[in-house]
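Structure first, then comments.
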Amino acid sequence: MKIIKKVSNSPEETFDIAFELASRINNPCLIGLTGEMGTGKTCFAKGFAEGLGVKELITSPTFLGISESYSGRFPFIHMDFYKKVVLRNLIEHFQKNKSIVLIEWVDNFEAVFKEKLNLEINVLIQYLKDKEGLILENKREIIIENSL
Ligand SMILES: Nc1ncnc2c1ncn2[C@@H]1O[C@H](COP(=O)(O)OP(=O)(O)O)[C@@H](O)[C@H]1O
Ligand SMILES: [Mg+2]
(Lines give C-alpha, C1' and ligand atoms only; values in the text may rest on other atoms or scores of the structure.)
(Ligands and ions follow the chains in the order given, each with its own letter.)
Protein backbone atom coordinates (compact mmCIF):
# COMPACT_ATOMS: atom_id res chain seq x y z
CA MET A 1 0.00 0.00 0.00
CA LYS A 2 1.23 3.44 -0.92
CA ILE A 3 0.41 6.36 1.37
CA ILE A 4 0.65 9.92 0.09
CA LYS A 5 0.18 12.95 2.34
CA LYS A 6 -0.34 16.36 0.81
CA VAL A 7 -1.26 19.82 2.01
CA SER A 8 -3.78 21.64 -0.14
CA ASN A 9 -3.87 25.44 0.10
CA SER A 10 -7.00 26.05 -1.97
CA PRO A 11 -9.99 24.32 -3.58
CA GLU A 12 -8.05 24.43 -6.87
CA GLU A 13 -5.16 22.51 -5.32
CA THR A 14 -7.53 19.85 -3.96
CA PHE A 15 -9.10 19.61 -7.42
CA ASP A 16 -5.64 19.21 -9.00
CA ILE A 17 -4.52 16.52 -6.53
CA ALA A 18 -7.65 14.51 -7.37
CA PHE A 19 -7.30 15.17 -11.10
CA GLU A 20 -3.72 13.88 -11.03
CA LEU A 21 -4.73 10.74 -9.12
CA ALA A 22 -7.55 9.98 -11.58
CA SER A 23 -5.38 10.55 -14.63
CA ARG A 24 -3.14 7.67 -13.51
CA ILE A 25 -5.99 5.17 -12.96
CA ASN A 26 -6.34 2.38 -15.50
CA ASN A 27 -8.70 0.03 -13.68
CA PRO A 28 -12.19 0.14 -12.23
CA CYS A 29 -11.97 0.64 -8.48
CA LEU A 30 -13.76 1.59 -5.31
CA ILE A 31 -12.67 4.85 -3.70
CA GLY A 32 -13.73 6.10 -0.28
CA LEU A 33 -13.64 9.71 0.91
CA THR A 34 -13.74 10.52 4.59
CA GLY A 35 -13.68 13.96 6.18
CA GLU A 36 -15.86 16.43 8.04
CA MET A 37 -18.46 18.59 6.33
CA GLY A 38 -16.81 21.25 4.18
CA THR A 39 -13.35 19.69 4.04
CA GLY A 40 -13.59 19.30 0.26
CA LYS A 41 -14.84 15.80 -0.56
CA THR A 42 -17.11 17.04 -3.34
CA CYS A 43 -14.33 19.32 -4.58
CA PHE A 44 -12.08 16.25 -4.73
CA ALA A 45 -14.80 14.30 -6.57
CA LYS A 46 -15.02 17.07 -9.19
CA GLY A 47 -11.28 17.03 -9.86
CA PHE A 48 -11.26 13.26 -9.92
CA ALA A 49 -14.11 13.09 -12.43
CA GLU A 50 -12.42 15.61 -14.70
CA GLY A 51 -9.21 13.56 -14.50
CA LEU A 52 -11.22 10.61 -15.82
CA GLY A 53 -12.42 12.74 -18.71
CA VAL A 54 -15.98 13.09 -17.41
CA LYS A 55 -17.75 15.91 -19.24
CA GLU A 56 -20.89 16.21 -17.10
CA LEU A 57 -20.99 18.76 -14.32
CA ILE A 58 -20.27 17.05 -11.00
CA THR A 59 -22.26 18.36 -8.03
CA SER A 60 -23.28 16.76 -4.76
CA PRO A 61 -25.36 13.67 -5.57
CA THR A 62 -29.13 14.19 -5.30
CA PHE A 63 -31.31 12.96 -2.41
CA LEU A 64 -30.86 9.40 -3.69
CA GLY A 65 -27.17 9.81 -2.97
CA ILE A 66 -26.00 8.49 -6.35
CA SER A 67 -25.09 10.12 -9.63
CA GLU A 68 -23.78 8.37 -12.74
CA SER A 69 -21.62 9.80 -15.53
CA TYR A 70 -20.68 7.89 -18.65
CA SER A 71 -18.61 10.35 -20.66
CA GLY A 72 -15.19 9.52 -19.19
CA ARG A 73 -12.64 6.71 -19.57
CA PHE A 74 -14.74 4.62 -17.13
CA PRO A 75 -18.32 4.89 -15.93
CA PHE A 76 -18.05 7.21 -12.93
CA ILE A 77 -20.45 6.59 -10.06
CA HIS A 78 -20.47 9.25 -7.37
CA MET A 79 -22.18 8.34 -4.10
CA ASP A 80 -22.74 10.28 -0.90
CA PHE A 81 -23.57 8.35 2.27
CA TYR A 82 -24.20 11.42 4.43
CA LYS A 83 -27.96 10.87 4.61
CA LYS A 84 -28.44 7.49 3.00
CA VAL A 85 -26.14 4.48 2.78
CA VAL A 86 -26.74 2.20 -0.20
CA LEU A 87 -26.68 -1.59 -0.02
CA ARG A 88 -23.50 -3.47 -0.87
CA ASN A 89 -25.44 -5.16 -3.73
CA LEU A 90 -25.85 -1.86 -5.49
CA ILE A 91 -22.15 -1.04 -5.15
CA GLU A 92 -21.33 -4.50 -6.54
CA HIS A 93 -23.69 -3.94 -9.44
CA PHE A 94 -21.67 -0.90 -10.51
CA GLN A 95 -18.38 -2.74 -9.94
CA LYS A 96 -19.51 -5.55 -12.27
CA ASN A 97 -20.16 -2.84 -14.80
CA LYS A 98 -16.42 -1.88 -14.65
CA SER A 99 -17.16 1.43 -13.03
CA ILE A 100 -15.15 3.66 -10.81
CA VAL A 101 -17.21 4.17 -7.68
CA LEU A 102 -16.31 7.12 -5.47
CA ILE A 103 -18.11 7.41 -2.14
CA GLU A 104 -18.28 10.48 0.10
CA TRP A 105 -18.88 9.79 3.82
CA VAL A 106 -17.82 6.19 3.22
CA ASP A 107 -17.30 5.74 6.99
CA ASN A 108 -21.10 5.74 7.35
CA PHE A 109 -21.22 2.38 5.56
CA GLU A 110 -19.33 0.71 8.39
CA ALA A 111 -21.35 2.60 10.99
CA VAL A 112 -24.64 1.35 9.51
CA PHE A 113 -23.79 -2.17 8.34
CA LYS A 114 -20.99 -3.01 10.83
CA GLU A 115 -18.79 -4.25 8.05
CA LYS A 116 -16.10 -2.70 5.93
CA LEU A 117 -16.06 -2.08 2.21
CA ASN A 118 -13.01 -3.26 0.33
CA LEU A 119 -11.64 0.06 -0.88
CA GLU A 120 -8.78 0.19 -3.36
CA ILE A 121 -8.21 3.86 -2.58
CA ASN A 122 -9.01 5.52 0.71
CA VAL A 123 -8.86 9.30 0.92
CA LEU A 124 -8.96 11.21 4.19
CA ILE A 125 -9.34 14.99 4.13
CA GLN A 126 -8.78 17.01 7.30
CA TYR A 127 -8.87 20.64 8.32
CA LEU A 128 -5.53 22.06 9.38
CA LYS A 129 -5.31 24.30 12.43
CA ASP A 130 -3.01 27.12 13.53
CA LYS A 131 -1.05 27.15 16.80
CA GLU A 132 -4.11 28.42 18.69
CA GLY A 133 -6.16 25.53 17.35
CA LEU A 134 -8.20 27.66 14.97
CA ILE A 135 -9.11 26.12 11.62
CA LEU A 136 -7.10 27.58 8.74
CA GLU A 137 -9.79 28.51 6.23
CA ASN A 138 -8.25 27.24 3.02
CA LYS A 139 -5.78 24.60 4.13
CA ARG A 140 -6.46 20.89 4.16
CA GLU A 141 -4.39 17.78 4.70
CA ILE A 142 -5.16 15.07 2.17
CA ILE A 143 -4.04 11.52 2.90
CA ILE A 144 -4.36 9.03 0.06
CA GLU A 145 -3.98 5.31 0.80
CA ASN A 146 -3.66 3.58 -2.54
CA SER A 147 -3.50 -0.20 -2.85
CA LEU A 148 -3.72 -0.30 -6.66
N1 LIG B 1 -7.97 23.55 0.30
C2 LIG B 1 -9.29 23.37 0.05
N3 LIG B 1 -9.73 22.24 -0.52
C4 LIG B 1 -11.05 22.05 -0.76
N5 LIG B 1 -12.02 22.92 -0.47
C6 LIG B 1 -11.63 24.08 0.11
C7 LIG B 1 -10.27 24.35 0.39
N8 LIG B 1 -10.18 25.58 0.96
C9 LIG B 1 -11.42 26.04 1.02
N10 LIG B 1 -12.33 25.16 0.52
C11 LIG B 1 -13.78 25.37 0.46
O12 LIG B 1 -14.37 24.38 1.30
C13 LIG B 1 -15.61 23.96 0.73
C14 LIG B 1 -15.57 22.45 0.48
O15 LIG B 1 -16.85 22.04 0.08
P16 LIG B 1 -17.20 20.59 -0.38
O17 LIG B 1 -16.23 20.13 -1.41
O18 LIG B 1 -18.65 20.58 -0.74
O19 LIG B 1 -16.95 19.77 0.98
P20 LIG B 1 -17.57 18.37 1.46
O21 LIG B 1 -18.08 17.64 0.26
O22 LIG B 1 -16.42 17.70 2.16
O23 LIG B 1 -18.66 18.74 2.44
C24 LIG B 1 -15.80 24.73 -0.55
O25 LIG B 1 -16.61 25.86 -0.27
C26 LIG B 1 -14.40 25.17 -0.90
O27 LIG B 1 -14.37 26.37 -1.64
MG1 LIG C 1 -19.89 16.69 -0.29
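Start at 1 and go down the list; that is how both ligands and their atoms are numbered.
Below 4.0 Å from some heavy atom of E104 lie the following atoms of ligand 1, by number and element: 21 (O). Of all atoms in ligand 1, listed by their number and element, those nearer than 4.0 Å to a heavy atom of E36 are 22 (O). The distance from ligand 1 to the heavy atoms of T14 drops below 4.0 Å at these ligand atoms: 1 (N), 2 (C), 3 (N), 4 (C). Within the listing of ligand 1, atoms 1 (N), 2 (C), 7 (C), 8 (N), 9 (C) sit less than 4.0 angstrom from a heavy atom of N138. Atoms of ligand 1 lying under 4.0 Å from any heavy atom of S10, numbered from 1 in the order shown and given with element: 1 (N), 2 (C), 3 (N), 7 (C).
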- Task: Under the side chain to side chain contact (heavy atoms under 4.5 Å, CB included) rule, what do N146 and I3 come out as? Steps first, then yes or no, please.
- Result: CA-CA 6 Å; N146 188 343; I3 300 180; over 6 Å; no
- Item | Derivation of the side chain to side chain contact (heavy atoms under 4.5 Å, CB included) call for I103 and I91 | CA-CA 10 Å; I103 307 173; I91 298 169; 4.2 Å; yes
- Go through the steps to decide whether F81 and V112 satisfy the test side chain to side chain contact (heavy atoms under 4.5 Å, CB included), and finish with yes or no. CA-CA 10 Å; F81 290 175; V112 170; over 6 Å; no
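Among all heavy-atom pairs drawn from A22 and F48, the shortest one is CB-O, 3.1 Å.
Comparing heavy-atom distances from atom 11 (C) of ligand 1 across R140, E137, K139, K46 singles out R140 as nearest. The closest heavy-atom contact to atom 13 (C) of ligand 1, among the options G38, A18, G35, comes from G38. With atom 18 (O) of ligand 1 as the reference point, the heavy atom nearest to it among T42, V7, I125 is part of T42.
Of the inter-residue distances, the one linking L102 atom CG with F76 atom CZ reads 4.5 Å to the nearest 0.5 angstrom. K129 NZ to I135 CD1: the interatomic distance, rounded to the nearest 0.5 Å, is 5.5 Å.
The N/O atoms of C43, backbone and side chain alike, include one that comes under 3.5 Å of an N/O atom in ligand 1.
Of all N, O or S atoms in E104, the one lying closest to the Mg ion (ligand 2) is OE1.
At least one protein heavy atom sits closer than 4.0 Å to atom 27 (O) of ligand 1. In this structure, atom 24 (C) of ligand 1 is not in close contact with the protein, since no protein heavy atom lies within 4.0 Å of it.
Among the atoms of M37, none of the N, O or S atoms falls under 2.8 Å from the Mg ion (ligand 2).
No donor-acceptor pair under 3.5 Å is formed between the side chain of K139 and the backbone N or O of E137. Side chain of R88 to main chain of L117: no donor-acceptor pair is present (N/O by atom type, distance under 3.5 Å, no hydrogens or angles). Of the possible donor and acceptor atoms, none in the side chain of E120 sits under 3.5 Å from a partner among the backbone N and O of C29.
With hydrogens left out, the protein atom closest to atom 19 (O) of ligand 1 is G40 N, 3.2 Å, a heavy atom.
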